[in-house]
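Okay, so here's the structure we're looking at.
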Amino acid sequence: MTRRLSVFIMMSMNQIRVRFAPSPTGYIHVGNARTALFNWLFARQKGGIFILRVEDTDIERSKEEYEKRLIDDLRWLGLDWDEGPDIGGAYGPYRQSERLEIYAYYAQKLIQSGQAYYCFCSPEELEKEREEALAKGLLPRYSGRCRHIPLEKALSRLNSGEKAAIRLKVPSKGELGFHDLIRGDLTFDLSLIGDPILLRSNGLPAYNYAVVIDDHLMAISHVIRGEDHISNTPRQLLVYRSLGFDPPLFAHLSMVMGKDNTRLSKRHGATSLDQFAQMGILPEALFNYLAFLGWAPPEGQEVLSRDELIALFDLKKVSRSAAIFDYEKLYWLNRQHLKRLTLSEKAKKAYPFLLEAGLLPKEMTSQHWSWLEKAVDNFLETVNRLDELPERFRLLFDFSPENMDKEAREILDKESSLRIVKLFCEKIKTLTSFNLEVFNQVVNEIKKETGAKGKELYHPIRIALTARASGLELDRLIPLIEEGTKLTLPKPIPSWSERAQKMLHFLDNRPFFKV
RNA sequence: GCCCCUGUCGUCUAGUCAGGUCUAGGACAUCGCCCUUUCAAGGCGGCAACACGGGUUCAAAUCCCGUCGGGGGCGCCA
């Protein structure tokens, strides 16, 4: 071994190396995303290495398509990795399906040293035994029946074409413990653990085995993963021990639950990252929220950027109890992050949602963008999510007196209001230009002519202009409409005169309105 | 069934390791008020928790024991 290589190994021994190891069996779930995020925060804070490893040994369920989506989704969230299947690295390959010879090699070593053995039991037999044990209230654990088959005999059965899995021999008594960075010292009774499968009869490794080989060979220093792996840890520790590997440090994160305290699933609402993107949740907001699931910064700060989170994060302060995913708080955080964007970022983020709704054109001119910025500046502060924006924009695009809400109708039922609406419409229907100045002039005239003021005056005028009882402040709304009518849009914004004429026409054909 | 983890406002949590400074702090949600030509936003304020029962102690959210609740595991899934 060269001096340089040994220096390299020495360095990597002290190097913090963590990994996120998902199975590409579906779209990435927020619970897994949170695990990835905690690993990432830890690595980035400590100047360590963050690795993405794809655990695709479940051939039935793993799909290439999912791996691609997984990568896209993680990147969308704002995570990056130093080694992974898409970018390579010194400890690859990073896809378990490409590491099969490695698993076979170590399994053989264990067979040869007598620490593992061939098991010829069929999955059906085992399933039956397990069910029987469960029914009797016994421990559903493998009997160890094949443990005593002499190696020569096993080999000859193998040669004659029989299929076998490889199992690890687990001591029948004793205790095994480890220190968990979040939960402290944990101990387990070995007599309760059956001999785990290392290699399945199809040659593919089982999770509890592959994870050990990979974590060791990839020089993982800290395994940060979900609580559902706590009881797997002793099994894995046994593999480390049999192979003479030093185990890494472990930290088990609590689960993420839905509102009814069951595991978060589709029926609780959005769970996969792409769904949050579609809802108009900013990745930095989801990132912020996920970091807060089971952890809180020391001084109670709430709205934090990725960099601030890196600086503040502390694995030792992570909560031990399960957290419920609260959409309301996520939405609030999203609003806060939305507010932090610059005007042009706001417009850029809003655009896809307005395009999708058919309100803005595919080809945007600089006039479009400048108008969008103004509009977004007014509407964004009223929403939690970007996907609520088209609905707000309809205040500008839709003008339909026939669809007035109850509140607006009730106001029009008052004779004084109706008179103001008509007066206002008559005055503006023939105007060639309309702006705030003209508007105020017209309003002043009406004020003089009718004596109305305040709410009595402005509420009807709002209805005349928008056919709605509520919305944006009028002096912010008018410039937006005025400028918007000059734009080329898939669906034009009605001008003041169109509005006035449409409203008058509507009123004339409504006999039940007085006057 | 057995094993493991876990338990502070409805929710996320601070406080628990080193018991008194906790008549338990913050945030979301909710309710009320203010601002306001509407609706929001914003500002201010209110409601709201140490799962329960024992013990130790001058003193317990904090330490010990038990009970109960919640979650996870016991796969040729990961």
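In what follows, chains are A, B, ... by sequence order, proteins preceding strands, each numbered from 1.
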Which listed nucleotide (C77(B), A40(B), G73(B)) is nearest to the side chain of Arg61(A)? C77(B)
Identify whether any heavy atom of Asp180(A) sits under 4.0 Å from a base atom; if not, whether one sits that close to sugar-phosphate; answer base, sugar-phosphate or nothing. nothing
Which is true for His229(A) with a 4.0 Å heavy-atom rule: it touches a base, it touches only sugar-phosphate, or it touches nothing? base
Sticking with atom P, work out how far G53(B) lies from G69(B), rounded to a whole angstrom. 16 Å
For Glu55(A), report the nucleic acid contact type (base, sugar-phosphate, nothing); a contact means any heavy atom under 4.0 Å. sugar-phosphate
Let me know the distance between CZ of Arg320(A) and C1' of U6(B), rounded to the nearest Å. 9 Å
Flag the pair Val223(A) / Leu249(A) as yes when at least one side-chain heavy-atom distance between them is below 4.5 Å, and no otherwise. no
Remember a base hit wins even if backbone is also touched, and classify Arg462(A) as base, sugar-phosphate or nothing at under 4.0 Å, heavy atoms. base
For atom CG of Leu477(A) and atom C1' of C39(B), their distance in whole Å: 12 Å
Review item, nucleotides 28-34 of chain B N/O atoms under 3.5 Å of protein N/O:
| from | atom 1 | to | atom 2 | distance (Å) |
| --- | --- | --- | --- | --- |
| C28(B) | O2' | Lys329(A) | N | 3.4 |

Could you tell me the separation between the CH2 atom of Trp295(A) and the C1' atom of A27(B), rounded to a whole number of Å? 14 Å
Nucleotide of C2(B), U38(B), G75(B) approaching Leu139(A) most closely (side-chain heavy atoms): C2(B)
Assign Leu204(A) to base, sugar-phosphate, or nothing according to its heavy-atom contacts below 4.0 angstrom with the strands shown. nothing
Ring-ring centroid check His216(A) Tyr240(A), cutoff 6.0 Å: no
Applying a 4.0 Å non-hydrogen cut-off, can you work out what Arg167(A) is touching in the nucleic acid: base, sugar-phosphate, or nothing? sugar-phosphate
Quick one: label Glu473(A) by what it contacts on the DNA or RNA (base, sugar-phosphate, nothing), any heavy atom closer than 4.0 Å. base
At 4.0 Å (heavy atoms only), tell me whether Ser201(A) reaches a base, stays on the sugar-phosphate, or touches nothing. base
Please report the distance, rounded to the nearest Å, between CD in Glu227(A) and P in U6(B). 8 Å
Work out how far the C1' atom of C2(B) is from that of C9(B), and round it to whole angstrom. 35 Å
Under 4.0 Å, heavy atoms only, any strand: does Lys339(A) hit a base, just the sugar-phosphate, or nothing? sugar-phosphate
Paired nucleotide for C22(B) [Watson-Crick or G-U wobble; both distances under 3.5 Å]: none
Test side chain to side chain donor-acceptor pair (under 3.5 Å) applied to Arg19(A) and Asp215(A), Asp214(A), Asn39(A), the passing residue: Asp215(A)
Could you tell me whether the side chains of Asp56(A) and Gln96(A) share a donor-acceptor contact shorter than 3.5 Å? no
For RNA chain B, whose closest nucleotide is more 5', that of Asp260(A) or that of Val383(A)? Val383(A)
In Watson-Crick or G-U wobble terms, both distances under 3.5 Å, what is the partner of C63(B)? G55(B)
Is it true that Glu302(A) and Lys329(A) have a side-chain N and a carboxylate O under 4.0 angstrom from each other? yes
Restricting to side-chain hydrogen bond (donor to acceptor under 3.5 Å, both in side chains), what partner residues turn up for Asp387(A), sequence neighbours left out? Arg385(A)
Identify whether any heavy atom of Lys317(A) sits under 4.0 Å from a base atom; if not, whether one sits that close to sugar-phosphate; answer base, sugar-phosphate or nothing. sugar-phosphate
With sugar-phosphate meaning primed atoms plus P, OP1 and OP2, does Ile461(A) contact a base, only sugar-phosphate, or nothing at under 4.0 Å between heavy atoms? nothing
Ignoring the backbone of Arg200(A), work out which of A14(B), A78(B), U11(B) is nearest its side chain. A78(B)
Give me each pair satisfying side chain to side chain donor-acceptor pair (under 3.5 Å) with a member in residues 186-200 of chain A, each pair once, sequence neighbours excluded. Tyr117(A)-Asp195(A), Arg147(A)-Asp195(A), Asp189(A)-Ser191(A)
G-U wobble or Watson-Crick pairing nucleotide for G45(B) (cut-off 3.5 Å, both distances): C31(B)
Ignoring hydrogens and angles, does a donor from either the side chain of Ser231(A) or the base of C3(B) sit under 3.5 Å from an acceptor on the other? no
Is it the case that the side chains of His252(A) and Asp228(A) hold a donor-acceptor pair, with the cut-off being a distance below 3.5 Å and no angle test? no
In whole angstroms, the gap separating P of U37(B) from CZ of Arg476(A) amounts to 14 Å
Contact class for Tyr289(A) (heavy atom, under 4.0 Å): base, sugar-phosphate, or nothing? nothing
Examine Arg335(A) relative to Tyr331(A) and say whether NZ or CZ is less than 6.0 Å from the centre of the six-membered ring and inside a 45° cone about the ring axis. no
Under 4.0 angstrom, heavy atoms only, what part of the nucleic acid is Leu457(A) near: base, sugar-phosphate, or nothing? nothing
Can you confirm if the aromatic rings of Tyr207(A) and His229(A) lie within a centre distance of less than 6.0 Å? yes
Quote, to the nearest angstrom, the C1' distance that separates C31(B) from C68(B). 33 Å
When the distance from CG of Leu176(A) to P of C3(B) is rounded to whole Å, what number comes out? 17 Å
Which residue lies toward the 5' end of RNA chain B, Thr57(A) or Tyr142(A), if each is placed at its nearest nucleotide? Tyr142(A)
Touch class at under 4.0 angstrom, heavy-atom based, for Gly194(A) against every strand present: nothing
